[in-house]
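Positions are given from 1, in the same order as the sequence printed here. For the numbers below, each heavy atom of this structure counts, side chains included, while hydrogens, waters and symmetry mates do not. Note that the structure is predicted; figures quoted are calculated from it, not measured.
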Amino acid sequence: MTQPSTVNDESVTYGLRVNGREHGVQAGWLGESLLYVLRERLGLPGAKNACEQGECGSCSVLLDDVLVCACCVLGADAVGSDIRTVEGIGQPDSLTDVQCAFLAEGAVQCGFCTPGLIVAVHDLLDRSPDADELAVREAISGNLCRCTGYGRIFAAVAAVQRERADA
């Protein structure tokens, strides 16, 4: 991946690997968050902009397979890393089992928190398929949802766990 190079005193050009593809960031500012770069420069609107302080989880992405809030990472600091957004989970033409379970269990209401929760749940179940309720609660504790009360989200996780165990 290309290290940031100065175009002028205020802008830089660098490359990022997002969802398995190389993307050029042209005339960026070194102070731009990864969230801003993903949404505004690369056209990947899945990660949502809410608190801009890493408190809500709406902008959750995987950075080198570690769940992070994209609002707390500088875009230029992600050079050389593998970034996976909600758009990069699963196949472009079909929903994942987690996404289907969120729909089936009614865990999607306004939808604002959903992309961050989907990334967090995929991360948890990829690392710990048999996670108990406490582990699920801890894994999504950084993701705020004002609509569902979390019960439906827990039901969706349990449904995925049952489906995967039966497969």
Interatomic distance, Y36 atom OH to C71 atom SG [nearest 0.5 angstrom]: 15.0 Å

Test side chain to side chain contact (heavy atoms under 4.5 Å, CB included) applied to Q109 and R152, step by step: CA-CA 10 Å; Q109 291 195 10; R152 294 171 188 232; 4.0 Å; yes

Shortest non-hydrogen separation from L42 to G24 and the atoms involved: CD2-O, 3.9 Å

Heavy-atom side-chain proximity of E32 to R41 below 4.5 angstrom: yes

Check against side chain to side chain contact (heavy atoms under 4.5 Å, CB included), V119 and T85: CA-CA 7 Å; V119 173; T85 69; over 6 Å; no

From Y150 atom OH to C113 atom SG, the distance as rounded to the nearest 0.5 Å: 7.0 Å

T13 side chain reached by V25 side chain, heavy atoms, under 4.5 Å: no

CA sep, side-chain torsions, deciding dist, call: D123, D65, side chain to side chain contact (heavy atoms under 4.5 Å, CB included): CA-CA 8 Å; D123 177 54; D65 293 323; 6.0 Å; no

V157-V160 co-clustered via ILVMFWY side chain contacts under 4.5 Å: yes

Spatial distance of atom CG (D166) from atom CD (Q161) [nearest 0.5 Å]: 12.0 Å

Hphob cluster co-occupancy, V18 + V68, side-chain heavy atoms under 4.5 angstrom: yes

Residue pair N19 / I83, side-chain heavy-atom distance below 4.5 Å: no

Heavy-atom side-chain proximity of F102 to V121 below 4.5 angstrom: yes

Any R146 side-chain heavy atom under 4.5 Å of F112 side chain: no

Shortest non-hydrogen contact between A120 and A139, atoms and distance: CB-O, 4.2 Å

Backbone N/O of V37 and side chain of E40: donor-acceptor pair under 3.5 Å: no

CA sep, side-chain torsions, deciding dist, call: L34, L74, side chain to side chain contact (heavy atoms under 4.5 Å, CB included): CA-CA 5 Å; L34 178 58; L74 293 176; over 6 Å; no

hydrophobic_cluster_shared for L63 and L124, side chain cutoff 4.5 Å: no

For Q99 against S94, the heavy-atom pair lying closest together: OE1-O, 4.4 Å

Neighbour count above 12 (heavy atom, 6.0 Å) for R39 CZ: yes

Closest contact, heavy atoms only, A50 versus C56: CB-SG, 3.5 Å

Interatomic spacing from CD1 in I118 to OG1 in T96 - rounded to 0.5 Å: 6.0 Å

Neighbour count above 12 (heavy atom, 6.0 Å) for E87 CD: yes

Flag, side chain of D64 to backbone of D82, donor-acceptor distance under 3.5 Å: yes

Exercise: identify the closest heavy-atom pair between A131 and A135: CB-CB, 3.8 Å

Heavy atoms from other residues, nucleotides or ligands near CD of E138 exceed 12 (cutoff 6.0 Å): no

Single-linkage hydrophobic cluster V136~V108, side-chain heavy atoms < 4.5 angstrom: yes

Within-4.5 Å side-chain heavy-atom neighbours: P129 and R164: no

Atom pair CG/OG of L67 and S60 - distance to nearest 0.5 Å: 4.5 Å

Reported OG-to-CG distance for the pair S33 and L38, which is rounded to 0.5 angstrom: 8.0 Å

Shortest non-hydrogen separation from C100 to L95 and the atoms involved: SG-CB, 3.7 Å

Hydrophobic cluster identity match, V66 and L125, side-chain contacts under 4.5 Å: no

